[in-house]
Amino acid sequence: MSQLAAFGGPAAVPPALRAADWPVITAADRQAVTDVLDSGKLVSDAAGEPVVERLERAWAERVGTGHCVAVASGTAALEVALASLGIGRGDEVIMPALSFIATGIAPLRQLATPVFADIDPVSFTIDASQVAARVTARTAAVIPVHLHGQPAAMEPIGAIAGRHGLALIEDAAQAHGASYHGRPVGSLGQAGAFSLQVAKNLPTCGEGGLITTDDRELARRMRMTRQFGEIIETGQPRDYISYLPGWNAKISPVQAAFALSQLDRFAEYDKMRRENVTRFLSAIADLPGLRVPRAEPGTRHVWHILRFVLDAAAAGLDGVNGSGFRQALHRLLRAEGVPVSRYQVMPLPRQRIFGQAAAGQDQWPVASAVIENSLTLQKRHLNPYSGPLLGAYTDAFRKVWDHLDVVSQMARAAV
Ligand SMILES: *Cc1c(COP(=O)(O)O)cnc(C)c1O
């Protein structure tokens with residue numbers, strides 16, 4: 001049994017393996033960017049900007065919606081969708097207590113109020129029964145988040161939205177290519193918001209976003225909203241009239257071209273990632289006290305983030321608390337070369353900007369427990385050639401689990 005790297009032993013992940021860059025940038029990606037620079041069309045308000053339209057068409061086709069509107073970021077996608085659906089002052093928008101901050105900021109921008117529902121402990125996505133419990137006369141929309149690449153429970157959530165006449169906006173920023181009962185995410189509500197940020201499953205070389213919808217009129221409002229509320233039509237002179245209070249949320253053609261080039265290899269990378277991740281997860285699934293993520297039945301998970309739930313008692317470490325177990329594993333795995341980290345350190349509603357952090361009973365006990373008792377892997381496994389790296393991660397996990405006595409001592413000493 002080899003010595004733990006934290007105590008001077010050799011690291012399980014050889015340094016030479018550790019660089020698994022994301023995104024993978026090829027000559028074709030570089031050429032796509034250069035072509036835009038050479039085209040002279042450097043802003044997307046040039047009527048009929050071809051590369052932006054091509055990206056929109058390609059993504060709409062993939063998701064199976066009639067329309068796609070490209071915008072400046074995933075956050076802008078949520079904001080433009082909410083604004084175009086008429087969500088505004090006094091409206092309540094229900095969303096999960098575990099997500100990225102942008103999900104919660106988007107309704108604030110509309111002077112609407114985010115309302116947080118607890119999550120399911122296994123899928124980490126919004127708990128439909130908690131959504132139902134939070135509906136009031138002011139509720140105007142629900143934003144299920146397909147967190148970590150796992151589609152949310154769209155059937156029950158869609159039924160609640162339908163019953164109460166709520167807009168349904170999917171936050172699919174982490175879930176390009178995921179599907180729910182065979183239907184792609186982004187096609188399951190009134191609008192789907194995707195991010196093209198460089199760390200997401202479909203990356204650009206910076207920031208970008210895509211909104212999908214089947215609603216032609218909604219798509220028209222979203223196009224106006226992304227550009228000062230103007231109507232821009234190919235072949236028509238720009239009239240400089242704002243028909244609604246939009247803002248500047250356009251995507252750059254450079255970002256669009258890079259994402260479009262990545263889209264050529266998206267399916268292939270997605271397939272390779274699925275194989276790598278599936279093999280990795282099954283190779284460590286038997287470790288006691290480690291719950292590896294799994295796809296919910298009937299869904300296609302795209303493994304954007306891998307979240308591992310830790311259970312000291314199940315590992316045989318009685319009397320070790322969750323946070324101590326997590327901290328010990330965090331330190332030992334990182335020393336072996338596995339870049340585990342936390343993803344979100346508090347439930348979204350506890351972020352001070354939402355002003356709901358008041359003491360008292362925890363209204364989101366599942367989200368709190370998941371955050372306290374889990375570690376994540378991000379980004380490295382997105383690289384389609386990460387198979388050998390994940391093999392070394394397997395060795396590292398198994399090595400640390402061979403030293404549960406050390407884990408136990410460290411966990412008891414942690415504060
Ligand atoms: C990344 C992300 C966003 C925001 O996307 P940006 O492109 O970074 O603005 C929104 N929601 C979730 C769940 C995300 O992961």
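Both counts, for ligands and for their atoms, begin at 1 and track the order of listing. All values below were derived from every heavy atom in this structure, side-chain atoms included, with hydrogens, water molecules and symmetry-related copies excluded. If you read the sequence from its start, that first residue is 1, and numbering goes on from there.
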Heavy-atom nearest option to atom 5 (O) of ligand 1, drawn from Gly206, Gly74, Ala172: Gly74
Identity and separation of the nearest protein heavy atom to atom 1 (C) of ligand 1: Lys200 NZ, 1.4 Å
Heavy atom of the protein closest to atom 11 (N) of ligand 1 (residue, atom name, distance): Asp171 OD2, 2.8 Å
Min side-chain heavy-atom separation Leu147-Pro96 under 4.5 Å: no
Crowding at CZ, Arg138 (>12 non-hydrogen neighbours, <6.0 Å): no
Within reach of ligand 1, part of Ser73 (heavy-atom separation under 4.0 Å): both
Side-chain ion pair, Glu268 and Lys271, N-O less than 4.0 Å: no
Validation row: Leu108, Pro114 side chains within 4.5 angstrom (heavy atoms): yes
Whether Ser99 lies under 4.0 Å from ligand 1, heavy atom: yes
Under-4.0 Å heavy-atom contact with ligand 1, by part of Val145 that carries it: side chain
Whether Trp401 and Phe325 hold their rings parallel, tilted or perpendicular, with breakpoints at 30° and 60°: perpendicular
Polar proximity ligand 1 side, Gln174 side, N/O cut 3.5 Å exclusive: yes
Test: Arg226 and Glu56 ion pair at under 4.0 Å: yes
Any donor-acceptor N or O pair under 3.5 Å, side chains Asp362, Ser368: yes
Ligand-residue contact atoms, ligand 1 with Thr103, heavy atoms, under 4.0 Å: 11 (N)
Atom 4 (C) of ligand 1: nearest protein contact (heavy atom, Å): Thr75 OG1, 3.5 Å
